[in-house]
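Before any comments, here is the structure.
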Amino acid sequence: QVRLVESGGGLVQAGGSLRLSCAASGNIFGISTMGWYRQAPGKQRELVATITRGGATNYQDSVKGRFTISRDNIKNTVYLQMNSLKPDDTAVYYCNVDRRTTWGPEGYWGQGTQVTVSS
C-alpha cells in the first residue's frame, strides 16, 4: 500500500498563488507517474497535470502557463505550483500515484485538499 498525504490547499483571491504538495510513503518501490486531479462541485474529476519519473509533464489546456508540476524522486513528493489562480480553479485537488508491480499497475489517491479562489 502507498499512503499519500496532501497539503497546501486553502483560500486565495483571484490572481494569487498556492503550492500543493503530496508526499508518498509506505510501499513506494515502483512508483512511476505522479499527478494531480481536481473535482469541482457537480462536475467529474478531471486531470490537471501529470509527471513521469523521468520528468515528462502533461497539463490540462486550461492550466498551461499558470500551473507547474514537479517532483522530488528522493522524497517521493509531487508538487503543484499554481499561479494566476481563477475562480474556475476552485475544486478539491487530489494527488494520484501509479505504482508498477509484478502483477500490473496500481493506482492510489490522496484524501484531497480544498482550493478555493475568490473573485
Side-chain angles (χ1 to χ4, degrees):
Q1 290 287 335
V2 175
R3 181 169 179 250
L4 301 175
V5 177
E6 300 156 347
S7 61
L11 172 64
V12 65
Q13 288 188 332
S17 299
L18 284 173
R19 188 189 193 215
L20 306 182
S21 299
C22 173
S25 62
N27 195 353
I28 59 175
F29 181 79
I31 285 180
S32 55
T33 299
M34 306 179 82
W36 291 94
Y37 290 70
R38 67 186 181 187
Q39 187 167 17
K43 295 186 177 180
Q44 291 188 330
R45 190 172 297 188
E46 61 181 9
L47 180 146
V48 177
T50 62
I51 184 168
T52 67
R53 191 166 185 85
T57 58
N58 179 49
Y59 293 94
Q60 180 193 116
D61 285 346
S62 69
V63 308
K64 287 180 180 177
R66 300 189 297 122
F67 292 9
T68 302
I69 190 170
S70 61
R71 65 188 285 173
D72 183 328
N73 289 332
I74 302 298
K75 297 180 179 179
N76 294 294
T77 300
V78 61
Y79 306 95
L80 185 68
Q81 178 66 43
M82 303 185 293
N83 298 328
S84 302
L85 282 161
K86 305 175 181 179
D88 284 348
D89 295 318
T90 295
V92 177
Y93 283 69
Y94 295 92
C95 174
N96 175 266
V97 165
D98 288 336
R99 179 173 168 265
R100 296 177 181 176
T101 74
T102 304
W103 306 274
E106 296 178 347
Y108 296 89
W109 293 93
Q111 80 282 1
T113 185
Q114 178 71 46
V115 171
T116 302
V117 184
S118 64
S119 57

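- Heavy atoms only, all atoms of each residue included: S21 and Y79 are closest at OG-CD2, 3.3 Å.
- Put simply, the side chain of Q81 never gets that close to the backbone of T68: no donor and acceptor are under 3.5 Å apart.
- When the side chains of ILVMFWY residues are joined at heavy-atom separations under 4.5 Å, either directly or via intervening members, V117 and Y94 end up in two distinct hydrophobic clusters.
- Shortest non-hydrogen contact noted between R53 and I31 is NH1-O, 3.4 Å.
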### Query
Which is it for Y37 and Q39 under the side chain to side chain donor-acceptor pair (under 3.5 Å) test, yes or no, and what are the steps along the way?
CA-CA 7 Å; Y37 290 70; Q39 187 167 17; over 6 Å; no
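- Contact record, T90 with A40: O-CB, 3.7 Å, taken as the closest heavy-atom pair.
- Side-chain heavy atoms closer than 4.5 Å link hydrophobic residues (I, L, V, M, F, W, Y) into clusters, and following such links, possibly through other members, connects Y108 to V78.
- Of the possible polar contacts, none joining the T113 side chain to the S7 backbone as a donor-acceptor pair under 3.5 Å is found.
- Between atom OG of residue S17 and atom CZ of residue R66 there is a gap of 10.5 Å, rounded to the nearest 0.5 Å.
- G112 approaches E6 most closely through the heavy-atom pair N-OE1, 2.5 Å.
- Here CZ of R71 is found 10.0 Å from OG1 of T50. Values are rounded to the nearest 0.5 Å.
- Here the side chains of W36 and C95 are in contact, with some heavy-atom distance below 4.5 Å.
- Under the 3.5 Å distance criterion, the side-chain polar atoms of Y59 are matched with a main-chain donor or acceptor of I69.
- Distance check: Q13 CD to S119 OG gives 9.5 Å after rounding to the nearest 0.5 Å.
- For the residue pair R38 and S62, the shortest heavy atom distance occurs at NH2-OG, 3.5 Å.
- Under 4.0 Å is where a charged nitrogen must lie from a carboxylate oxygen, and between K64 and D61 at least one such pair does.
- Residues F67 and V115 are members of one and the same hydrophobic cluster, defined by side-chain heavy-atom contacts under 4.5 angstrom among Ile, Leu, Val, Met, Phe, Trp and Tyr.
- Separating the CG atom in N58 from the OG1 atom in T52 is a distance of 10.5 Å, to the nearest 0.5 Å.
- Hydrophobic clustering (ILVMFWY, side-chain heavy atoms < 4.5 Å, transitive): V63 and L20 are in one cluster.
- Here the CD-CD distance, from E106 to Q1, works out to 7.0 Å after rounding to the nearest 0.5 Å.
- Between D98 and P105 the shortest side-chain heavy-atom distance does not fall below 4.5 Å.
- Taking all atoms of both residues into account, the shortest heavy-atom contact from N27 to R99 is ND2-NH2, 2.9 Å.
- Put simply, CG on L11 and CG on L18 are 8.5 Å apart, with the number rounded to the nearest 0.5 Å.
- Criterion: ILVMFWY side-chain heavy atoms under 4.5 Å apart, direct or through other members. Under it, V92 and M82 are not part of a common hydrophobic cluster.
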